[in-house]
Amino acid sequence: MTKLRLGRIEDDKPVKLTVELPGTVHRDLARYAEAHARETGLERPFPPERLIPPMLERFMAADRAFVRKRPT
């Protein structure tokens, strides 16, 4: 099995945002949460909304154009 891109999720002080997702995206997040829990040895998956911040963080870190333009 190939490794998921999302690794361990660290606790950090959250900032509350409200977003609307298509049902298909939410269902895929729930499935991803289940796969993530199995791969990282968690007893139960994180709620899908807990996956969004680290996923966005990894996405932005992998965007070379964004990284170059981001202030240091």
Side-chain angles (χ1 to χ4, degrees):
M1 178 177 176
T2 60
K3 290 192 123 201
L4 297 175
R5 287 181 165 234
L6 190 62
R8 294 189 68 81
I9 297 176
E10 302 296 327
D11 280 331
D12 194 7
K13 184 178 178 189
V15 175
K16 188 160 191 107
L17 298 175
T18 302
V19 298
E20 290 186 24
L21 301 173
T24 55
V25 173
H26 185 266
R27 286 188 292 278
D28 283 345
L29 277 172
R31 288 184 194 113
Y32 194 101
E34 291 169 5
H36 178 264
R38 282 192 304 273
E39 187 169 297
T40 58
L42 297 174
E43 287 184 26
R44 59 179 178 244
F46 282 115
E49 61 271 15
R50 286 281 314 271
L51 300 180
I52 296 169
M55 286 178 155
L56 287 173
E57 185 177 38
R58 285 193 56 101
F59 173 83
M60 289 186 293
D63 187 326
R64 292 181 184 149
F66 174 72
V67 171
R68 280 193 302 270
K69 293 177 183 183
R70 186 173 58 190
T72 55

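Note that this is a predicted model, so its numbers are computed, not measured.
- Among pairs with a residue in residues 18-31, those fulfilling salt bridge (charged side-chain N to carboxylate O under 4.0 Å, His left out) read Asp28-Arg31, at least two apart in sequence or across chains.
- Counting only residues at least two apart or in different chains, salt bridge (charged side-chain N to carboxylate O under 4.0 Å, His left out) contacts with residues 62-72 are absent.
- The side-chain hydrogen bond (donor to acceptor under 3.5 Å, both in side chains) pairs that include a residue from residues 45-57 are Asp11-Arg50, where partners are two or more places apart or lie in different chains.
- Contact check for Leu17 versus Ile52: no side-chain heavy atoms found under the 4.5 Å cut-off.
- Nearest heavy-atom pair, Pro45 versus Ala37, reported as atom, atom and distance to 0.1 Å: CA-CB, 3.6 Å.
- Between Met60 and Phe66 the shortest heavy-atom distance is O-CD2, 3.6 Å.
- Heavy atoms only, all atoms of each residue included: Val67 and Ala61 are closest at CG2-O, 3.4 Å.
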